[in-house]
Protein chains: 2
Amino acid sequence: MECSASTKTRGRPREFDPEEALASALRVFWKHGYEGASMAELTEAMGITKPSLYACFGNKEALFKKALDLYERDKLCYIKTSLDAPTAREVANRILRGAVKTHCGDSDPQGCMGVISSVACTTEAESIRKEVVARRASSEAAVVERFERAKAEGDLPENVDAKALAQCLLTVLQGLSVKAQVGAERKDLDAVVDTFLTMWPGR
Amino acid sequence: MECSASTKTRGRPREFDPEEALASALRVFWKHGYEGASMAELTEAMGITKPSLYACFGNKEALFKKALDLYERDKLCYIKTSLDAPTAREVANRILRGAVKTHCGDSDPQGCMGVISSVACTTEAESIRKEVVARRASSEAAVVERFERAKAEGDLPENVDAKALAQCLLTVLQGLSVKAQVGAERKDLDAVVDTFLTMWPGR
DNA sequence: AGCATTCCATACCGAGTGGTACATAGTGAT
DNA sequence: ATCACTATGTACCACTCGGTATGGAATGCT
């Protein structure tokens, strides 16, 4: 049991690729959130049966967390790389453009999996919400830190509150993902980003 | 059947107040969204049994739409009244402050019922999502119109795109409601609004 | 070949879902 | 008092939920 990349093959070999299956599961969770994704839809998308899923991934919650890992590694990586931009404005630009591209593309589900899963939670699945919120907090902290550096480097005026500005940026980010999920057109979201960047203080 | 305020009382009189019951239902939908709210929790909160609910409100979907009407009338009215503010900046200020107060108060559930219900929708409840999205679109149109007037009146610089600015404002609005729902502190949201208004173009 | 081990498929579990049939109870009109 | 009418409470429906027991199939080791 427990999916791993070990090479010892005693017993009947597994007939599916756990990574491919996880990628399929990710798309289902992304579309419907944690509670909205049923085991039936998950197994069908993954092309495996329920016992195989449970043997390999544990249970629904463990599967979700592994999917969330994959999501952050593959789809949310643009946030971390954006922090390398030379100015605060360019950081904001890259993050927002990256969000529009990721959440409004037509090859992947619309919207942000984190937002979907944290908003769509009945009380009983609150551990999922806490998981998502905790991960988002760490991203937020990184942006705050980056903007404080930007202030020291003169990218941002002295009077701006780095933490508040970072939270404002991420608020727009989450708003964009909501709009994307309920079917906003990409050009409208691009216009929102244009407008927000026009308002952006400093360079 | 069908709840109404008619005065003819042939047959056994109803033992509950439909308006009170609807208000209780609203709080449940607000907390959990359409699909997250179970009939069991609804009936318990409303203090009535399922047959009474179905006789008076039709079914779950009809009950939700009536709750949504009540929500918009009682809780989202600040958006329409905000449009009467003298300047575009004051319109934005009132809308954002109203949102923080409404979605981050401790007497009502956290977050925006519309966002929760439109984001947390499995494919089968898509009619609910469309309903919510359509209502939001009409609000958005009103804000766009108000900002175009503001441009004509000189509140906003000539180079700003009224529609994009309105969408940007509502993007922040939805971002705020997401943050409120997952437990952001009110002072942080106030700081976001402060920052956004500092960036606001024109008067 | 025989064995231990692992995976797959079917069929099932108890609990919860939205929704309803039915008998009973309370009302106004006749 | 009887009737038509409506609300209520119980008990139930078919269905789906996440999760699992079980038997057989496929492998490596001895």
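In what follows, chains carry the letters A, B, and so on, assigned in the order in which the sequence lines appear, proteins first and then strands, with residues in each chain numbered from 1. Model, not experiment: these values are computed from the prediction. Scope of the values below: all heavy atoms of this structure, side chains included, with no hydrogens, waters or symmetry mates.
Listed by first and then second residue, the salt bridge (charged side-chain N to carboxylate O under 4.0 Å, His left out) pairs that reach into residues 167-179 of chain B are A/Glu140-B/Lys179, sequence neighbours excluded. Screening residues 37-55 of chain A for salt bridge (charged side-chain N to carboxylate O under 4.0 Å, His left out) gives no qualifying pairs among residues at least two apart or on separate chains.
When the side-chain nitrogen and oxygen atoms of B/Ser52 are compared with OP1 and OP2 of D/dA7, none of them lie within a distance under 4.0 Å. Listed pair A/Thr49 / C/dC8 fails the phosphate criterion, with no side-chain N or O lying under 4.0 Å from OP1 or OP2.
Taking the six-membered ring for Trp and the full ring otherwise, A/Phe196 and B/Trp200 have centroids separated by 6.0 Å or more.
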Checklist entry - What one-letter contact string describes nucleotides 14-24 of chain C from 5' to 3', where B marks a base within less than 4.0 Å of any protein heavy atom, S marks contact via sugar-phosphate atoms alone, and - marks no contact? => result ---SBBBB---
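Nearest nucleotide to the side chain of A/Arg14, out of C/dC7, D/dG9, C/dT10: C/dC7.
More than 12 heavy atoms of other residues, nucleotides or ligands sit less than 6.0 Å from atom CD of B/Glu153. Around atom CD of B/Glu19, no more than 12 heavy atoms belonging to other residues, nucleotides or ligands sit under 6.0 Å away.
For the ring-ring contact (aromatic ring centres under 6.0 Å, His included) test, residues two or more places apart in sequence or in another chain that qualify with A/Tyr34 are A/Phe64. Legend: residues meeting side-chain hydrogen bond (donor to acceptor under 3.5 Å, both in side chains) with A/Asp17, ordered by chain and number and at least two apart, are absent.
Electrostatic pairing of B/Arg149 and B/Glu145 does not count as a salt bridge here, judged by no charged N lying under 4.0 Å from a carboxylate O.
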Pairs under 3.5 angstrom, nitrogen or oxygen only, protein versus nucleotides 28-30 of chain D, please.
| unit_1 | atom_1 | unit_2 | atom_2 | d |
| --- | --- | --- | --- | --- |
| D/dG28 | O4' | A/Thr9 | O | 3.3 |

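At whole-Å resolution of the value, CD1 in B/Ile48 and C1' in D/dT8 are 11 Å apart.
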